[in-house]
Amino acid sequence: MGEDVGELVIKDREVLGENGIVLISASLSKKTKGLLVGPEVTTRGFIYVKDSSEMIAEIKKISENIIERNVTEEYVDYNKIKQEIREELSKYFYSETESKPMIIAVIQEI
């Protein structure tokens, strides 16, 4: 049949335990679609922010470029932003650390 929910939860936890998690969050202006806050980077079990200021700066730069590329005054392609952030950061993390943390992008308009 398929895997039950318990097995999926265990797999997720194994991935998180081995590779950690990276959360990218940003807020856009509803009016201008410009970046108001962020991108902020939060990590758990991946790298320590205090020891990795260069890497954090690069994560922010990559994320900001992706957001700006996919935003016009009329339209924000949230799915494309989230997908590109996951893809590009995944490649970057693997090249820098050889690990694959779970990447979650939260982009909202306020």
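This chain uses plain numbering: 1 for the first residue, then up along the sequence.
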Just so I know, are the side chains of [X] and [Y] near enough to count as touching, which here means a heavy-atom distance under 4.5 Å?
X      : Y      : value
Asn70  : Val76  : no
Ile104 : Lys82  : no
Glu40  : Ile24  : no
Tyr78  : Gln108 : no
Ile62  : Leu89  : yes

Which residues pass the salt bridge (Lys or Arg N to Asp or Glu O under 4.0 Å) test with Glu109, sequence neighbours left out?
Lys33
Quick one: side chain to side chain contact (heavy atoms under 4.5 Å, CB included) partners of [X], sequence neighbours excluded?
X     : value
Lys91 : none
Gln83 : Arg86, Glu87
Glu64 : Leu35, Pro39, Glu68
Thr32 : Ser29

Kindly compute the distance separating [atom1] ([X]) from [atom2] ([Y]), expressed to the nearest 0.5 Å.
X     : Y     : atom1 : atom2 : value
Asn19 : Phe93 : CG    : CZ    : 11.5 Å
Ile66 : Ile85 : CD1   : CD1   : 5.0 Å
Asp77 : Glu84 : CG    : CD    : 8.5 Å
Ser63 : Glu88 : OG    : CD    : 9.0 Å

Between Ile107 and Ile67, does a side-chain contact (heavy atoms from CB on, under 4.5 Å) hold up when you go through it step by step?
CA-CA 9 Å; Ile107 314 298; Ile67 292 166; 4.0 Å; yes
Any Lys/Arg nitrogen of Lys30 or Glu73 sitting under 4.0 Å from an Asp/Glu carboxylate oxygen of the other?
no
Report the hydrophobic cluster partners of Leu36, with the cluster defined as I, L, V, M, F, W, Y residues connected by side-chain heavy atoms closer than 4.5 angstrom, directly or transitively.
Val37, Ile110
With a cut-off of under 6.0 Å to the ring centre and 45° to the axis, is Lys100 in cation-pi contact with Tyr94?
yes
Spell out, as yes or no, whether a donor-acceptor pair under 3.5 Å connects the side chain of Thr43 to the backbone of Phe46.
no
